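Take a look at the structure below.
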Amino acid sequence: MSSSKIVVTGASGVLGTAVHKAFEKALRYEVVGLKNKSPASHLVQLDLTDKEATKQKLEEIKPTWVIHCAAERRPDVAEKDQVGTQLLNVGVPGYLAELAKAINFTLVYISTDYVFDGRSPPPGGYTPESPTNPLQIYGQTKRDGENAVLEARQQGARTVVLRVPVLYGPAPNNADSAVNILVDVVRDQSKESNMDDYAIRYPTNVLDIASFLVRLTGLADLSVDALPPILHYSANESFTKYQMCKIFTDILGLNGTNHMKPVSTPPTGAGATSRPYNCHLSTAETEKLLPLECTGFRTWWEEYLRDGGK
């Protein structure tokens with residue numbers, strides 16, 4: 001394992017940072033983190049939409065695994081910049097999957113629960129084989145990215161799709177996570193706001209996903225070809241955003257959530273971006289490989305905020 005090289009794309013993001021640090025901490029890997037516009041000096045700058053530059057860099061590194069975290073993850077932004085989102089969420093993973101075969105590495109493509117419409121999840125959650133039906137551009141492009149990666153797998157590339165739900169964890173800025181940002185909303189009691197109390201979410205800690213990826217790549221008896229084409233990783237605790245806000249209010253010892261109005265209906269109006277109601281992911285197939293080892297939501301936040309986290 002000492003010769004294994006790991007490349008992490010999007011290594012300046014919330015998930016990418018956690019994944020990059022987890023592999024460095026594991027010590028048995030040489031880890032290269034890629035960035036686009038981040039000022040972080042310990043990361044390598046690379047525009048993944050530049051095919052020739054990407055090919056040259058990966059041929060130079062000769063990675064064993066590429067963990068592809070880079071994406072346009074914001075549904076509202078995806079709606080406004082559909083061309084750019086298509087390039088980043090479909091074109092880039094498709095080309096990385098081609099390079100996986102040409103350069104001989106295994107690609108892990110991080111996808112999303114938003115590939116499902118969330119209208120009627122099966123008992124136990126959507127399985128990797130459940131039909132996809134994304135409701136918005138973000139979900140559509142991530143689904144199309146999956147298809148590009150899976151098609152390359154059929155042509156002999158070693159690829160795995162890992163779907164995850166909404167994420168939280170250590171973040172330089174709370175705005176970098178749809179969950180972390182709620183802490184700021186809770187704290188600013190002078191500002192009234194509407195808060196989603198409709199969609200059921202399964203917030204999952206990026207540190208847990210990072211640990212899972214390290215354990216996955218480190219399986220001594222792992223035959224990559226025997227890995228399922230699609231895996232799901234998700235915590236099992238469910239909350240609406242409003243329910244998460246109530247937890248943060250309690251942890252922080254604030255005076256209630258009167259400045260927030262719970263909204264128990266889906267978003268409507270010209271500027272609204274459709275979001276699924278309940279995209280619960282079944283992790284049964286994943287747990288056949290490895291235990292999930294998910295952190296309790298409230299437990300993690302109590303410790304993080306107590307220790308000075310934002």
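All values below come from the heavy atoms of this structure, side chains included, with hydrogens, waters and symmetry mates left out. Not measured: the values here are computed from a predicted model.
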* Parallel, tilted or perpendicular: rings of Y233 and F212 (30°, 60°) -> tilted
* Return each pair, listed once, that meets salt bridge (charged side-chain N to carboxylate O under 4.0 Å, His left out) where at least one residue sits in residues 114-136; pairs must be two or more places apart or across chains. => D117-R119
* Asked: Would L162 end up clustered with Y109 when hydrophobic side chains under 4.5 Å apart are linked, directly or stepwise?
  -> no
* Roughly how far, to the nearest 0.5 Å, is the CG atom of L167 from the OG1 atom of T204? -> 6.5 Å
* Counting distance only, does the side-chain N/O of K101 pair as donor-acceptor with the main-chain N or O of Q155 below 3.5 Å? -> yes
* Asked: How about L252 and R187: do any of their side-chain heavy atoms sit closer than 4.5 Å?
  -> yes
* Asked: Do N236 and S234 meet the criterion of a side-chain donor-acceptor pair at a distance under 3.5 Å?
  -> no
* To do: Begin from the C-alpha positions of V7 and L34 and carry the test side-chain contact (heavy atoms from CB on, under 4.5 Å) through to its verdict.
  => CA-CA 7 Å; V7 167; L34 302 181; 3.7 Å; yes
* To do: Please report the shortest heavy-atom distance between P93 and L88, naming the atom on each side.
  => CD-O, 3.3 Å
* Asked: Side chains of P170 and V206: closer than 4.5 Å at any heavy-atom pair?
  -> yes
* **Any donor-acceptor N/O pair, S211 side chain to L207 backbone, under 3.5 Å** => no
* R215 side chain vs P291 backbone, donor-acceptor pair below 3.5 Å -> yes
* First locate atom OG1 of T9, then atom CG of L43, and finally report the distance between them rounded to the nearest 0.5 Å. => 11.5 Å
* **Aromatic ring proximity W300/Y168, centre distance under 6.0 Å** => yes
* Does L216 share a hydrophobic cluster with V8, counting links as ILVMFWY side-chain heavy atoms below 4.5 Å and allowing steps through other members? -> yes
* To do: Starting from the C-alpha separation in whole Å, work towards a yes-or-no answer on side-chain contact (heavy atoms from CB on, under 4.5 Å) for V185 and K191.
  => CA-CA 8 Å; V185 175; K191 183 178 179 180; over 6 Å; no
* Asked: Do the charged groups of D47 and K35 touch, with an N to O distance under 4.0 Å?
  -> no
* H259 and D188: which non-hydrogen atoms are nearest, and at how many Å? -> CD2-O, 3.3 Å
* Side-chain (E79) to main-chain (D76) donor-acceptor, under 3.5 angstrom -> no
* Side-chain (T64) to main-chain (K5) donor-acceptor, under 3.5 angstrom -> yes
* Please examine the side chains of V179 and V166, heavy atoms only from C-beta on, and report whether any two atoms are closer than 4.5 Å. => yes
* Charged N to carboxylate O under 4.0 angstrom, E60 versus K62? -> no
* Asked: Could you walk me through whether N89 and D144 pass the side-chain contact (heavy atoms from CB on, under 4.5 Å) check?
  -> CA-CA 8 Å; N89 288 1; D144 293 347; over 6 Å; no
* So, does N173 use its side chain to make a donor-acceptor pair with the main chain of D176 at under 3.5 Å? -> no
* Side-chain contact test, heavy atoms from C-beta onward, threshold under 4.5 Å: evaluate it for F105 versus W65 and give yes or no. => no
* Does the side chain of E59 come within less than 4.5 Å of I103's, by heavy atoms? -> yes
* Asked: Is it true that I67 and V161 fall in one hydrophobic cluster, defined by side-chain heavy atoms closer than 4.5 Å?
  -> no
* Atom pair CG/NZ of L182 and K246 - distance to nearest 0.5 Å -> 14.0 Å
* **Name of the residue among D113, T283, N278 meeting side chain to side chain donor-acceptor pair (under 3.5 Å) with Y202** => N278
* Only one of T257, N194, D196 passes side chain to side chain donor-acceptor pair (under 3.5 Å) with Y242; say which it is. => T257
* **Near-ring test W301/F248, centroid separation under 6.0 angstrom** => yes
* Asked: If only atom types and distance count, is the side chain of Q189 paired as donor or acceptor with the main-chain N or O of G256 below 3.5 Å?
  -> yes
* **Considering all heavy atoms, the nearest S111-E146 contact** => OG-OE2, 2.7 Å
* **Pairwise distance NZ(K288) to CD(E285) - rounded to 0.5 angstrom** => 3.5 Å
* Hey, mind stepping through R74 and E72 against salt bridge (Lys or Arg N to Asp or Glu O under 4.0 Å) and telling me if it holds? -> CA-CA 6 Å; R74 299 162 295 179; E72 177 49 71; 2.8 Å; yes
* To do: Please confirm whether the backbone N or O of G169 pairs with a side-chain atom of N180, one donor and one acceptor, at under 3.5 Å?
  => yes
* Could you walk me through whether Y126 and T132 pass side-chain hydrogen bond (donor to acceptor under 3.5 Å, both in side chains), step by step? => CA-CA 9 Å; Y126 291 101; T132 58; over 6 Å; no
* Separation of H20 NE2 from T17 OG1 (nearest 0.5 Å) -> 8.5 Å
* Asked: Going by atom types alone, do Q86 and T141 pair a side-chain donor with an acceptor below 3.5 Å?
  -> no
* Verify same cluster id: L227, L213 (apolar side-chain graph, 4.5 Å) -> yes
* side chain to side chain contact (heavy atoms under 4.5 Å, CB included) partner of V149, chosen from T159, V90, L96, V108 -> T159
* Trace of the side-chain hydrogen bond (donor to acceptor under 3.5 Å, both in side chains) decision for N36 with S38 -> CA-CA 6 Å; N36 185 16; S38 167; over 6 Å; no
* Asked: Is there a side-chain contact between Q140 and P134 (heavy atoms, below 4.5 Å)?
  -> yes
* Asked: Are side-chain heavy atoms of K142 and R73 found at a separation under 4.5 Å?
  -> no
* Asked: Do V66 and L219 share a hydrophobic cluster (ILVMFWY, side-chain heavy atoms under 4.5 Å, transitive)?
  -> no
* Take K55 and E52 through the test salt bridge (Lys or Arg N to Asp or Glu O under 4.0 Å) and record every step on the way to the result. => CA-CA 5 Å; K55 181 172 182 287; E52 188 56 36; 5.1 Å; no
* What are the two closest non-hydrogen atoms of Y114 and Q136, and how far apart are they? -> CD2-NE2, 3.3 Å
* Asked: Nearest 0.5 Å, what's the NE2-CG distance between H232 and L281?
  -> 5.0 Å
* Asked: Which atoms form the tightest heavy-atom contact between G33 and A11, and what is the distance?
  -> CA-CB, 3.7 Å
* To do: Would you check if there is a donor-acceptor pair between the side chains of S120 and Y277 at a distance under 3.5 Å?
  => no
* **Between D197 and S264: side-chain donor-acceptor atoms closer than 3.5 Å** => no
* Are any non-hydrogen side-chain atoms of V160 and P228 less than 4.5 angstrom apart? -> no
* So, for A97 and A148, which heavy atoms are closest and what is the spacing to 0.1 Å? -> CB-O, 4.5 Å
* **Stepwise side-chain contact (heavy atoms from CB on, under 4.5 Å) check, L15 with I209** => CA-CA 8 Å; L15 177 60; I209 297 172; 4.0 Å; yes
* Structure fact -> The complete set of salt bridge (charged side-chain N to carboxylate O under 4.0 Å, His left out) pairs with one or both residues in residues 249-262, sequence neighbours excluded, reads D250-R298
